[in-house]
Undergrad: 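Have a look at this one before I ask anything.
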Amino acid sequence: QISGRLQKIIRNFGKKGRLTPERVREGLKEVRRALIEADVNVEVAREFIKMVEAEAIGEKVLKSFTPSEMILKIVYEKMIELLGRPEPLRLDKTPSVIMLVGLQGAGKTTTAVKLAGFLKKKGRNPFLIPADVKRPAAFEQLRDLAERNGFPVFTKRMDNAVRLSKAALTQSVLKRYDTLIFDTAGRLHIDEEMIDEAIKIKESVKPSEVLLVVDGMTGQDAVNIAKEFDQKIGITGVILTKMDGDTRGGAAMSVRKVTGKPIKFLGVGEKMDDLEEFVPERLASRILG
Amino acid sequence: ASMLRRKDPALLEEIEDILLSGDVGIETTEFFIEELKKVHPDKYLERLRELLVEMLSVPHESVHNPPVVYLFVGVNGVGKTTTIGKIGLYFRKKKKSVLFAACDTFRTGAQEQLKIWADRAGADIVSSQYGADPSAVAFDAFDAAVSRGVDCLLIDTAGRLHTKTGLMEEMAKIKRTLNKKREDLPQEILIVIDATTGQNAIHQVEIFNEKLGLTGIVLTKMDGTAKGGVILPIVRRFNLPVLFIGTGEAPDDIEEFNPEEFIDALLS
Ligand SMILES: Nc1nc2c(ncn2[C@@H]2O[C@H](COP(=O)(O)OP(=O)(O)OP(=O)(O)O)[C@@H](O)[C@H]2O)c(=O)[nH]1
Ligand SMILES: Nc1nc2c(ncn2[C@@H]2O[C@H](COP(=O)(O)OP(=O)(O)OP(=O)(O)O)[C@@H](O)[C@H]2O)c(=O)[nH]1
Ligand SMILES: [Mg+2]
Ligand SMILES: [Mg+2]
């Protein structure tokens, strides 16, 4: 499943003669570089390689007939372990609330509507709430996208996202929707005022899922973004978007490592069906190139 | 002679970490580290700054015949529409007349979004219906720019991943359409890059440049914690000038690129 660069690097381990712990360490430095090139955070890559090294310099590997194959297997398995098992959406309450947060332009609004489609296919009755009162035409974007796909959307215009969220909650209880999806404004993890708004929305609507939407091409900064959103607001899961391109997606590893929260979905296009459930093996192969 | 041979591996490693953490990438970081090994450790930071300034100083041809047509391109969500609004206002403050062309006829809400920015910038706007051919809108916008005697025409396009050949061909057609109108058009083709982007930005520039021939870069979202260091391998490889930096979501959150300030932030 892993072709190309990483296999080449690891095959090279055994080439210069007997494999020693020192030779393995040298070779793993190359693996670390490949991870950084795949946008895995420098620190996360360092710690990951330490974990791999602990096992890769063991007697079992060094004395085996195919040590480089074993090391490749260790890297792949440790990556899958780190990325975590897939976990379903928590939809235990009625109504269940999902709140999307993340940086500007990550893909929240598009993902909100994709989630509505996903839930409808599962026999649920979702309601979309445009709680972004900041971005020009944000309301029109969500409303039009929702209506085009036949999903109900909260259409009352208000200039305060917290009050809007409360009003939407009231209306949805009356109309018996079983899943509420709150789309929020893009915000920086260092913008105190906007982080405060997100916290207040969360306190008002009590979501069972707060999903951090992260652009799949995010680089080293993924660690800062994820850590701040999780510590300040508290997230329950992650959605990686724009994975239909050729980004390696190392940000996935960084986000998962630093928050411990599950990756739930991958956005793989601009259309409503373009939402995939997270499969660790596939993402591991992609990051490892 | 023995002075030159002295290295400070700990300091080199610290510098390497700063550069890599800033998204400069393995290859370009290694280039800098190798260059630093050629000087005395006391001179590392000074030499690094020199190299960075040198690398980021790319000349830019900024004299064009009006109307100057700026075609904004880039992948999804990087800040193209917002940047056009801000640059429109920037030009208006310089007493230029500005026209916007809403050539993103695909994404929901795109035209409404650009219209709001046109009002903020004091610019006129040419748009069509959702689903119209973007090349046709560009064609009409240029005619309008000429007939209204406008100084600058800023064209918004739909976000598109560089890996989608159909969409890249649509973009090439927008360019060809303008080029057929007048052979110097569009005078500027600017790729908008999000500062939080990692090494994938290099592929983005590679493909957009191959397909269209880019004339410059706008780097957005520099108000976050990302350093935007990926522009170093980009500038090094494609020799493109960074023209503007986006520093927020408000109309005046745009600045002309200043290499020294960028480098200060990168090394801080
Ligand atoms: N190719 C691709 N494009 C996507 C994906 N998800 C979203 N997009 C596009 O990315 C751009 C930004 O998406 P939005 O949904 O507006 O992002 P947002 O997070 O709501 O943005 P803000 O509200 O401004 O923070 C749009 O052009 C979307 O069509 C994806 O999985 N793949
Ligand atoms: N913090 C910050 N946000 C920005 C900046 N530039 C744009 N944004 C935000 O990023 C989000 C996306 O901006 P858009 O202008 O819609 O991006 P786009 O490239 O036109 O997106 P598509 O047309 O969907 O591909 C919006 O929420 C903007 O307000 C910037 O410099 N700083
Ligand atoms: Mg949005
Ligand atoms: Mg746009």
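Hydrogens, waters and symmetry mates are skipped; everything else that's a heavy atom, side chains included, is used. A note on names: the letters A, B, ... follow the listed sequences, proteins ahead of strands, and every chain is numbered from 1.
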Undergrad: Can you list the steps and then say if B:Glu112 with A:Gln141 is a side chain to side chain contact (heavy atoms under 4.5 Å, CB included)?
TA: CA-CA 9 Å; B:Glu112 293 87 326; A:Gln141 183 187 5; over 6 Å; no

Undergrad: Are there over 12 heavy-atom neighbours, none belonging to A:Lys232, within less than 6.0 Å of that residue's NZ?
TA: yes

Undergrad: Could you tell me which portion of B:Lys164 (side chain, backbone, both or neither) has an atom closer than 4.5 angstrom to a non-hydrogen atom of chain A?
TA: side chain

Undergrad: What part of B:Gln111 is in contact with chain A, defined as an atom under 4.5 angstrom from a non-hydrogen atom: side chain, backbone, both or neither?
TA: neither

Undergrad: Kindly check if the number of other-residue, nucleotide or ligand heavy atoms within 6.0 Å of CD (A:Glu47) is above 12?
TA: yes

Undergrad: Counting only non-hydrogen atoms closer than 4.5 Å, does B:Val230 touch chain A with its backbone (N, CA, C, O), its side chain (CB onward), both, or neither?
TA: neither

Undergrad: Would you find more than 12 non-hydrogen atoms of other residues, nucleotides or ligands less than 6.0 Å from B:Glu13 atom CD?
TA: no

Undergrad: With only heavy atoms counted, which part of A:Arg46 is less than 4.5 Å from chain B, the side chain, the backbone, both or neither?
TA: side chain

Undergrad: Determine the option with the most heavy-atom pairs under 4.5 angstrom with chain A, choosing from B:Thr220, B:Asp17, B:Asn76, B:Thr225.
TA: B:Thr225

Undergrad: Tell me, out of A:Gly186, A:Gly216, A:Pro136, who's got the most heavy-atom pairs with chain B below 4.5 Å.
TA: A:Pro136

Undergrad: Is there a side-chain contact between A:Arg135 and B:Gln113 (heavy atoms, below 4.5 Å)?
TA: yes

Undergrad: Under 6.0 Å from the NZ atom of A:Lys271, do we count more than 12 heavy atoms belonging to anything else shown?
TA: no

Undergrad: Specify which of B:Gly85, B:Gly79, B:Gly109, B:Gly77 makes the most heavy-atom pairs with chain A at under 4.5 Å.
TA: B:Gly77

Undergrad: Does A:Glu22 have more than 12 heavy atoms from other residues, nucleotides or ligands lying within 6.0 Å of its CD?
TA: yes

Undergrad: Among A:Ala137, A:Ala106, A:Ala38, which has the most heavy-atom pairs under 4.5 Å with chain B?
TA: A:Ala137

Undergrad: Looking at B:Asp223, B:Val78, B:Val75, which has the largest count of heavy-atom pairs under 4.5 Å with chain A?
TA: B:Asp223

Undergrad: Could you measure the distance from the NZ atom of A:Lys242 to the CG atom of B:Leu161? Nearest 0.5 Å is fine.
TA: 8.0 Å

Undergrad: Crowded around B:Arg107 CZ? As in, over 12 foreign heavy atoms under 6.0 Å?
TA: yes

Undergrad: Begin from the C-alpha positions of A:Leu103 and B:Thr196 and carry the test side chain to side chain contact (heavy atoms under 4.5 Å, CB included) through to its verdict.
TA: CA-CA 10 Å; A:Leu103 248 55; B:Thr196 65; 3.9 Å; yes

Undergrad: Answer with side chain, backbone, both or neither: which region of B:Glu249 has an atom nearer than 4.5 Å to a non-hydrogen atom of chain A?
TA: side chain

Undergrad: Measure B:Glu30 against the heavy atoms of chain A and call it side chain, backbone, both or neither at under 4.5 Å.
TA: side chain

Undergrad: Could you check A:Arg248 against B:Gln199 for side chain to side chain contact (heavy atoms under 4.5 Å, CB included), going step by step and ending with a plain yes or no?
TA: CA-CA 9 Å; A:Arg248 296 282 296 283; B:Gln199 302 304 297; over 6 Å; no

Undergrad: For B:Thr163, is it the side chain, the backbone, both, or neither that has a heavy atom closer than 4.5 Å to a heavy atom of chain A?
TA: side chain

Undergrad: Let me know if A:Leu188 has heavy atoms under 4.5 Å from chain B in its side chain, its backbone, both or neither.
TA: side chain

Undergrad: Thinking salt bridges, do B:Lys221 and A:Asp221 make one under a 4.0 Å N-O criterion?
TA: no

Undergrad: Taking A:Glu140, A:Glu270, A:Lys134, A:Glu43 one by one, which has the highest count of heavy-atom pairs under 4.5 Å against chain B?
TA: A:Glu270

Undergrad: Among A:Asp246, A:Asp244, A:Thr110, A:Asp144, which residue has the highest count of heavy-atom pairs closer than 4.5 Å to chain B?
TA: A:Asp246

Undergrad: Taking atom CE of A:Met217 and atom OG1 of B:Thr197, what is their separation to the nearest 0.5 Å?
TA: 4.0 Å

